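The shown structure was predicted, so the numbers you read here are calculated from the model rather than taken from an experiment.
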Amino acid sequence: MTAEHSRITLDPSVLAGKPVIRGTRISVEFVIGLMAEGWNEADIIKNYPGITRDDLMACLAYARDALSSEKVFPSAA
């Protein structure tokens, strides 16, 4: 885990090892899903008081880095 992702943890005993915000059971996937549904930062923090802006930024950074390392294999169409 890099320093940039120090707020994100992966533990096989928590949500089957999905990346979560440290100290919670709130997954990066869940947070990104809320944002995809139109929730903004204030909405998320209001409804999940244990989460901070830094946690949200860490979720976005984790998702960005996960996508940037994704392998893409173009099809020969």
Asker: Would a hydrophobic clustering, with Ile, Leu, Val, Met, Phe, Trp and Tyr connected at side-chain separations under 4.5 Å, put Leu60 with Leu10?
Answerer: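 They do share one cluster, since a chain of ILVMFWY contacts under 4.5 Å joins Leu60 to Leu10.
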Asker: Hydrophobic cluster membership, with links at side-chain heavy-atom distances under 4.5 Å among I/L/V/M/F/W/Y: are Leu15 and Ile44 in one?
Answerer: no
Asker: For the side chain of Arg22 and the backbone of Ser6, is there at least one donor-acceptor N/O pair under 3.5 Å apart?
Answerer: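 Present.
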Asker: Considering non-hydrogen atoms only, spot the tightest contact between His5 and Ala58 and give its length.
Answerer: ND1-O, 4.2 Å
Asker: Can you see which heavy atom on Leu56 is nearest to which on Glu41, and at what distance?
Answerer: CD1-CG, 3.6 Å
Asker: Suppose the criterion is ring pair (Phe, Tyr, Trp, His ring centres under 6.0 Å): which pairs have a residue in residues 18-38, not counting sequence neighbours?
Answerer: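 Pairs touching residues 18-38 that pass the test: Phe30-Tyr48.
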Asker: Looking at OG1 of Thr9 and OH of Tyr62, how far apart are the two atoms once the value is rounded to the nearest 0.5 Å?
Answerer: 9.5 Å
Asker: Using the rule that two of Ile, Leu, Val, Met, Phe, Trp, Tyr join whenever any of their side-chain heavy atoms come within less than 4.5 Å, decide whether Ile21 and Val14 are in one cluster.
Answerer: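 Cluster IDs for Ile21 and Val14 differ.
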Asker: Starting at CG of Asp55, measure out to OG1 of Thr24 and round the result to the nearest 0.5 Å.
Answerer: 7.5 Å
Asker: Give a yes or no on whether Val31 and Val20 share a hydrophobic cluster (residues Ile, Leu, Val, Met, Phe, Trp, Tyr; joining criterion: side-chain heavy atoms under 4.5 Å apart).
Answerer: no
Asker: Using the test side chain to side chain contact (heavy atoms under 4.5 Å, CB included), find all partners of Glu29 that sit at least two apart in sequence or belong to another chain.
Answerer: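 Lys18, Ser27.
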Asker: What's the spacing between Arg64 CZ and Ile32 CD1 if we round to 0.5 Å?
Answerer: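 So the gap between those two atoms works out to 11.0 Å.
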Asker: Show your working on side-chain hydrogen bond (donor to acceptor under 3.5 Å, both in side chains) between Asp54 and Thr52 and close with a plain yes or no.
Answerer: CA-CA 5 Å; Asp54 288 339; Thr52 66; 5.0 Å; no
Asker: Give the cluster check for Met35 versus Ile45: same hydrophobic cluster or not, with ILVMFWY residues linked at side-chain heavy-atom distances below 4.5 Å.
Answerer: yes
Asker: Indicate the atoms forming the closest heavy-atom contact of Val28 with Cys59, along with that distance.
Answerer: CG1-O, 3.7 Å
